[in-house]
Amino acid sequence: MPEIRFTKLFLDGMFVDAVSGKTFETRDPHTGDVIANIAEGDKEDVDLAVRAAREAFDHGKWPRMSGSERGKIMLKLADLVEQHSEELTRLESLDAGKLLMVTRVVDIGSCGRALRYFAGAADKIHGETLKMSRQFQGHTLREPIGVAGLIIPWNFPAIMFFSKVAPALAAGCTMVVKPAEQTPLSALYFADLAKQAGVPDGVINVITGFGPTAGAAIASHMDVDMVSFTGSTAVGRLIMEASARSNLKPVSLELGGKSPLIIFDDADVDMAIDLAISANFFNKGEACVAASRVYLQEGIYDQFENKLADRMKNWVIGDPFDPRVNQGPQVDKAQYERVLSYIEHGKREGATILTGGKPCGQKGYYIEPTVFTDVKDDMIIAREEIFGPVMCLMKFRTMEEAIAKANDTRYGLAAGVVTKNIDVANRMIRSIRAGVVWLNCYFVMDGDCPFGGRKMSGFGKDASIHALDKFLAVKAVVTPVYDSPWL
């Protein structure tokens, strides 16, 4: 087990207790046991963090460094993350119930890559030259927006930390980060590494605490210049409302999803089953892009269902530190009970359980991967985000019907299409209203690929060069041109 070294707030380069002196428990979802008591930040602590970030932005050196200087420090931070990757992997797996081997490669492995990507972008933030219609010339400047409030979720704590912190650092912003109360440990560790790398005091501040108190204080703070939030659609609404009621700060939201995976008759069935299992049960279903609506063209439905049932017999649930395990526990008791309540909804509405459907284990928050058949589009399990290991199988006949079903949702985060027909593929890709469409693959994420949704899945991009946009303000500069032969 990893040593728990950081349990306090990180303010202005130091670890400190909360002003109130209060703490809260973070628990091991594998056993339900307490891992550590963490400082519980509140409005007063957010005020101190914002004050430190404001001072670092208005008078500190970080926004005034050249992009290449910021990039060098970010590369040092990437080196430190990679040097401490084993401890970070164990910390993240312990706190979030994530599979150790996957966490090492996917979660912690992506942190250094994100830092290196945006370190390379830090000295490539350019404006434009404007050809104006009269005797004036203009250009634009892309300047750091100021103090950023970054609120990250519990399902991918390390990945989400750097998907927001890395572009904010590259842009020259300072920030207040609030990790989810369920998974605060990696963010505090990263803050310490950032100080070791040479990130100046006050640039990164970490407030551990709860959404209705610490998160709300960030969203409503008059001296926070923007907020980037990843989480539920319901909380995203509250973030927007608080931002509007305060200083009308811009908001970037990456919210929920109810993504479709559409499998046509010509698909390779075994490959499609692999995709469906990964798309639903990776990270125990705790993924906003989970393809929990699996639409099968009717000619392939029975074969798919039978093979899927056989495959799930070999699925192993258990200790996330065990390399033989396919699925760990849900993140906490509240999420465990929420998923089980949705499974009961499905039963009451008349859906049939093909596999799973029950809690398992004597302790911890384990749920069997559950596959429902006989699912109707108007059922709760087919319309609401469950955020757990639950798959819904449904039929379609024609491509037009598949398009209509895929778009019949308030969400628009992701979608998957499985077909060998290029004409079908092109039409589906163009017709589905989602932020990302995966063709004959799923869950393929990359630092150079924009990620973010449409409709009630939010707006704004994490990852790729587009992620810089939310941390930059565009300023137009206009000057007169006298007696120039060129207009």
Side-chain angles (χ1 to χ4, degrees), residues 96 150-157 159-160 163-164 178-183 211-212 215 219 227-243 251-261 279-295 330-332 334-343 345-346 367 370 372 375 377-392 405-416 432-438 442-443 445 450-463 470:
L150 310 178
I151 304 175
I152 61 178
W154 45 257
N155 59 331
F156 291 98
I159 289 175
M160 291 298 176
S163 73
K164 299 183 187 299
K178 195 204 86 67
E181 58 268 24
Q182 296 90 340
T183 53
V227 171
S228 177
F229 168 78
T230 297
S232 72
T233 298
V235 176
R237 288 179 183 272
L238 297 176
I239 297 287
M240 284 195 72
E241 182 179 355
S243 298
V251 173
S252 175
L253 301 176
E254 195 270 279
L255 306 176
K258 193 68 178 176
S259 301
L261 175 61
N280 280 273
F281 303 137
F282 175 71
N283 202 50
K284 4 88 179 216
E286 292 174 350
C288 52
V289 296
S292 53
R293 294 187 294 145
V294 178
Y295 291 105
Q330 308 310 129
V331 72
D332 64 6
Q335 186 62 18
Y336 167 82
E337 292 176 344
R338 182 176 185 270
V339 175
L340 289 175
S341 72
Y342 272 109
I343 292 172
H345 269 301
I367 298 174
T370 301
F372 278 106
V375 179
D377 287 305
D378 60 351
M379 290 181 177
I380 288 175
I381 57 171
R383 303 201 69 81
E384 296 188 11
E385 184 178 40
I386 298 174
F387 225 67
V390 180
M391 181 193 303
C392 297
K405 287 178 177 290
N407 288 330
D408 184 21
T409 174
R410 58 181 176 165
Y411 296 111
L413 188 55
I432 295 173
R433 296 191 291 273
V436 57
V437 179
W438 286 296
Y442 208 87
F443 258 128
M445 315 288 276
F451 182 74
R454 295 169 61 174
K455 298 192 284 186
M456 289 182 69
S457 291
F459 45 83
K461 298 297 181 184
D462 288 331
K470 57 181 172 282

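We number each residue from 1, following the sequence as shown.
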Participant: If only atom types and distance count, is the side chain of Arg433 paired as donor or acceptor with the main-chain N or O of Lys455 below 3.5 Å?
Facilitator: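 A pair under 3.5 Å: no.
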Participant: Regarding Asp462 and Lys470, does a basic nitrogen lie under 4.0 Å from an acidic carboxylate oxygen?
Facilitator: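 A salt bridge is present here (some side-chain N lies under 4.0 Å from a carboxylate O).
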Participant: Nearest 0.5 angstrom please: Leu255 CG to Arg454 CZ, how far?
Facilitator: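 These two atoms lie 15.0 Å from each other.
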Participant: Between Phe281 and Met391, does a side-chain contact (heavy atoms from CB on, under 4.5 Å) hold up when you go through it step by step?
Facilitator: CA-CA 8 Å; Phe281 303 137; Met391 181 193 303; 3.8 Å; yes
Participant: Only counting residues at least two apart or in another chain, list the ones meeting salt bridge (charged side-chain N to carboxylate O under 4.0 Å, His left out) with Lys258.
Facilitator: none
Participant: Which atoms form the tightest heavy-atom contact between Ala414 and Trp438, and what is the distance?
Facilitator: CB-CZ3, 3.7 Å
Participant: Identify the heavy atoms of Phe156 and Ala287 that sit nearest to each other, and give their distance.
Facilitator: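 Where Phe156 meets Ala287 most closely, the heavy atoms are CE1-CB, 4.2 Å.
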Participant: Mind checking whether Asp332 and Trp154 have side chains closer than 4.5 Å, heavy atoms only?
Facilitator: no
Participant: Without placing hydrogens or testing angles, list every side-chain donor-acceptor pair under 3.5 Å for residues 382-390, not counting sequence neighbours.
Facilitator:
unit_1: Arg383; atom_1: NH1; unit_2: Asp377; atom_2: O; d: 3.1
unit_1: Glu384; atom_1: OE1; unit_2: Tyr342; atom_2: OH; d: 2.6
unit_1: Glu385; atom_1: OE2; unit_2: Gly257; atom_2: N; d: 3.2

Participant: Check whether any side-chain heavy atom of Met160 sits under 4.5 Å from a side-chain heavy atom of Glu254, and report yes or no.
Facilitator: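 A side-chain contact exists here, since the closest heavy-atom pair is under 4.5 Å.
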Participant: Hey, does the side chain of Asn280 reach the backbone of Ala291 with a donor-acceptor pair shorter than 3.5 angstrom?
Facilitator: yes
Participant: Going by salt bridge (charged side-chain N to carboxylate O under 4.0 Å, His left out), name the residues that satisfy it together with Glu286, two or more places apart in sequence or in a different chain.
Facilitator: Lys284
Participant: Using side-chain contact (heavy atoms from CB on, under 4.5 Å) as the criterion, list what pairs up with Ser457, not counting sequence neighbours.
Facilitator: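 Listed in chain order: Tyr411, Leu413.
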Participant: Heavy atoms, side chains only, cut-off 4.5 Å: are Val339 and Thr370 in contact?
Facilitator: no
Participant: Is it true that, when you exclude Met456 itself, more than 12 heavy atoms of the residues, nucleotides or ligands shown sit nearer than 6.0 Å to its CE?
Facilitator: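 For Met456, atom CE is crowded (more than 12 foreign heavy atoms under 6.0 Å).
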Participant: Can you give me the closest heavy-atom contact between Ser243 and Val227, atom names plus distance?
Facilitator: OG-CG2, 4.4 Å
Participant: Excluding sequence neighbours, so at least two apart, what forms side-chain contact (heavy atoms from CB on, under 4.5 Å) with Ser341?
Facilitator: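 If we apply the side-chain contact (heavy atoms from CB on, under 4.5 Å) test to Ser341, skipping adjacent residues, there are no hits.
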Participant: So, taking the atom named CG in Leu150 and the one named NZ in Lys178, what distance separates them when rounded to the nearest 0.5 Å?
Facilitator: 12.0 Å
Participant: Check this for me: Arg237, atom CZ, are more than 12 non-hydrogen atoms of other residues, nucleotides or ligands nearer than 6.0 Å?
Facilitator: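 Count not over threshold, so no.
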Participant: What are the two closest non-hydrogen atoms of Gln182 and Val331, and how far apart are they?
Facilitator: CB-CG2, 4.2 Å
Participant: State, to 0.1 Å, how close Ile152 and Pro157 come at their nearest heavy-atom pair, and which atoms those are.
Facilitator: CD1-O, 3.9 Å
Participant: If you look at every heavy atom in Pro153 and Ala180, which pair is closest and at what distance?
Facilitator: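 Closest approach of Pro153 to Ala180: C-CB, 3.7 Å.
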Participant: When rounded to the nearest 0.5 angstrom, what distance separates CD1 in Ile239 from OG in Ser232?
Facilitator: 9.0 Å
Participant: Let me see the working for Ile343 and Ile367 under side-chain contact (heavy atoms from CB on, under 4.5 Å), right down to the final yes or no.
Facilitator: CA-CA 10 Å; Ile343 292 172; Ile367 298 174; 4.0 Å; yes
Participant: Tell me, please, which residues at least two apart from Thr230 pass side chain to side chain donor-acceptor pair (under 3.5 Å).
Facilitator: Lys164
Participant: Quick one: does Ile159's side chain get under 4.5 Å of Met445's, heavy atoms only?
Facilitator: no
